[in-house]
Trainee: 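Here's a structure for you.
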Amino acid sequence: MLNARCALVTGATQGIGLAVAERLAAAGADVVLHGIEPRSQGDAVAARLAAAHGVRCAYVAADLLDADAAAGLVQRAEAALRPIDILVNNAGIQHTSPIEAFPTDRWHAIVAVNLSAAFFTMRAAVPGMRARRWGRIVNIASVHGLVASVNKAAYLAAKHGLVGLSKGVALETATDGITVNCICPGWTDTPIIVPQIEARAARFGGDRDAAVRDLLREKQPNLTLLPPGRIGDVAVFLCGEAAAGITGVALPVDGGWTAQ
Ligand SMILES: NC(=O)c1ccc[n+]([C@@H]2O[C@H](COP(=O)([O-])OP(=O)(O)OC[C@H]3O[C@@H](n4cnc5c(N)ncnc54)[C@H](O)[C@@H]3O)[C@@H](O)[C@H]2O)c1
């Protein structure tokens with residue numbers, strides 16, 4: 001289905017990013033995986049995906065806290081494999097704290113990785129997509145790009161910003177064969193939520209399962225942590241021809257969270 005395409009997925013060595021990369025490779029796309037791990041580690045993940053799916057994969061390391069590294073990522077990915085048709089901005093970090101105690105460095109880091117990096121990669125990727133008259137940009141936002149929860153000031157600002165940024169780029173590219181959409185996951189079973197589960201578990205005598213049940217009861221009506229593959233499947237759908245008419249949307253994949 002995506003045989004002629006080449007994708008760049010940020011934060012692709014674990015969690016949702018890895019699931020997206022795996023699903024894109026399974027759909028036939030070549031994939032450049034981005035991460036922060038050393039070259040040998042990233043190359044091993046890329047080699048595993050390439051062998052499993054019979055596609056070409058490469059690995060590029062870059063710390064997206066560094067604006068220059070973010071700005072140069074697409075060019076490096078294209079040098080590693082070939083021009084990027086599909087860009088998935090997935091890398092993200094979290095920090096929870098009441099606003100009055102929110103550390104300045106966490107604010108800047110979350111905005112840099114979750115929002116500014118997507119600006120830099122889209123700015124670099126759009127001209128090539130426009131020239132080839134085909135492109136798919138999928139930005140992994142969050143339910144927190146649509147609604148708020150307490151103690152997530154920077155994450156909320158960055159994810160709401162990412163939804164707005166994506167809508168704007170969708171309008172700018174609407175006649176160019178390019179679509180730009182956000183996926184807005186609810187609670188998904190990946191390492192990013194572990195600190196929040198651990199903090200909640202402290203209230204339940206360290207019982208992790210009880211903590212997860214409590215978190216889900218509070219917000220996510222399907223009462224189930226989403227497997228990362230669910231997000232990967234939706235990303236593949238948004239990259240396919242069936243979704244060619246969908247641009248500028250922020251699609252919740254949230255077990256009913258934002259229906260409330
Ligand atoms: N898991 C959830 O419940 C959930 C819900 C909504 C949205 N999301 C979003 O999904 C995306 C993926 O997160 P995940 O759940 O897979 O968690 P994760 O922690 O497993 O993955 C985050 C990825 O971001 C990368 N990353 C972190 N700091 C980086 C940096 N400085 N430079 C480059 N890359 C960096 C990590 O290497 C990792 O691959 C994030 O944008 C997150 O906000 C997750």
Side-chain angles (χ1 to χ4, degrees), residues 8-23 31-38 41-42 45-46 59-74 76-77 87-96 105-106 108-118 120-121 138-149 152 154-163 165-166 182-197 200 211-212 215-216 218-220 222 224-232 234-235 250-255 257-258:
L8 166 63
V9 183
T10 71
T13 55
Q14 64 179 49
I16 291 172
L18 178 58
V20 170
E22 282 178 325
R23 294 299 206 269
V31 183
V32 181
L33 297 103
H34 153 267
I36 44 177
E37 292 80 6
Q41 221 173 310
V45 182
Y59 174 73
V60 175
D63 185 347
L64 298 178
L65 286 169
D66 175 349
D68 291 335
L73 179 59
V74 168
R76 288 179 56 216
L87 170 64
V88 182
N89 283 301
N90 163 79
I93 51 176
Q94 174 65 287
H95 181 83
T96 58
D105 70 323
R106 288 300 86 201
H108 287 305
I110 288 172
V111 171
V113 176
N114 297 21
L115 176 59
S116 300
F120 288 122
T121 57
V138 179
N139 293 325
I140 308 300
S142 166
V143 286
H144 290 114
L146 302 170
V147 296
S149 299
K152 296 186 175 174
Y155 193 80
L156 286 164
K159 295 297 190 181
H160 275 70
L162 184 59
V163 169
L165 170 64
S166 304
C182 286
I183 299 175
C184 296
W187 289 117
T188 307
D189 197 3
T190 74
I192 204 173
I193 66 171
V194 170
Q196 294 176 76
I197 292 172
R200 186 71 60 120
V212 170
L215 281 172
L216 291 168
E218 192 176 86
K219 298 276 184 179
Q220 191 153 303
N222 74 346
T224 309
L225 284 182
L226 293 157
R230 290 277 177 279
I231 313 302
V234 175
L251 181 62
V253 181
D254 65 357
W257 183 320
T258 53

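It should be emphasised that the depicted structure is a prediction, and the values quoted were computed from it without experimental measurement. Below, all heavy atoms of this structure are taken into account, side chains as well, without hydrogens, waters or symmetry copies. Atoms within a ligand are numbered from 1 in the order they appear, just like the ligands themselves.
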Trainee: Taking atom CZ of R200 as the centre, does the number of heavy atoms from other residues, nucleotides or ligands within less than 6.0 Å exceed 12?
Mentor: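 Counting neighbours around CZ of R200, more than 12 heavy atoms of other residues, nucleotides or ligands fall under 6.0 Å, so yes.
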
Trainee: Tell me whether R76 contacts the main-chain N or O of A61 through its side chain, where contact means a donor paired with an acceptor under 3.5 Å.
Mentor: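 Confirmed, R76 side chain pairs with A61 backbone.
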
Trainee: Taking side chain as C-beta onward, heavy atoms only, is I231 less than 4.5 Å from N90?
Mentor: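 A side-chain contact is absent here, since even the closest heavy-atom pair is not under 4.5 Å.
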
Trainee: Parallel, tilted or perpendicular: which fits the ring planes of Y155 and H144, with parallel below 30° and perpendicular above 60°?
Mentor: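 Aromatic pair Y155/H144 classed perpendicular.
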
Trainee: Could you check ligand 1 for N or O atoms lying under 3.5 Å from protein N or O atoms and list the pairs with distances?
Mentor:
residue: ligand 1; atom: 1 (N); partner: T188; partner atom: O; Å: 3.1
residue: ligand 1; atom: 1 (N); partner: T190; partner atom: OG1; Å: 3.0
residue: ligand 1; atom: 3 (O); partner: G186; partner atom: O; Å: 3.4
residue: ligand 1; atom: 3 (O); partner: T188; partner atom: N; Å: 2.8
residue: ligand 1; atom: 3 (O); partner: T188; partner atom: O; Å: 3.4
residue: ligand 1; atom: 15 (O); partner: T190; partner atom: OG1; Å: 2.4
residue: ligand 1; atom: 16 (O); partner: I16; partner atom: N; Å: 2.8
residue: ligand 1; atom: 17 (O); partner: T190; partner atom: OG1; Å: 3.3
residue: ligand 1; atom: 19 (O); partner: Q14; partner atom: NE2; Å: 3.3
residue: ligand 1; atom: 20 (O); partner: Q14; partner atom: NE2; Å: 2.7
residue: ligand 1; atom: 24 (O); partner: G92; partner atom: N; Å: 3.3
residue: ligand 1; atom: 31 (N); partner: D63; partner atom: OD1; Å: 2.9
residue: ligand 1; atom: 32 (N); partner: L64; partner atom: N; Å: 2.9
residue: ligand 1; atom: 39 (O); partner: G11; partner atom: O; Å: 3.1
residue: ligand 1; atom: 41 (O); partner: N90; partner atom: O; Å: 2.7
residue: ligand 1; atom: 41 (O); partner: K159; partner atom: NZ; Å: 2.9
residue: ligand 1; atom: 43 (O); partner: Y155; partner atom: OH; Å: 2.6
residue: ligand 1; atom: 43 (O); partner: K159; partner atom: NZ; Å: 3.0

Trainee: Looking at Q196, K159, H95, which one forms a side chain to side chain contact (heavy atoms under 4.5 Å, CB included) with K152?
Mentor: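 Exactly one pass, corresponding to Q196.
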
Trainee: Shortest non-hydrogen contact from L33 to V45?
Mentor: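 In terms of heavy atoms, the two residues are closest at CD2-CG1, 4.1 Å.
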
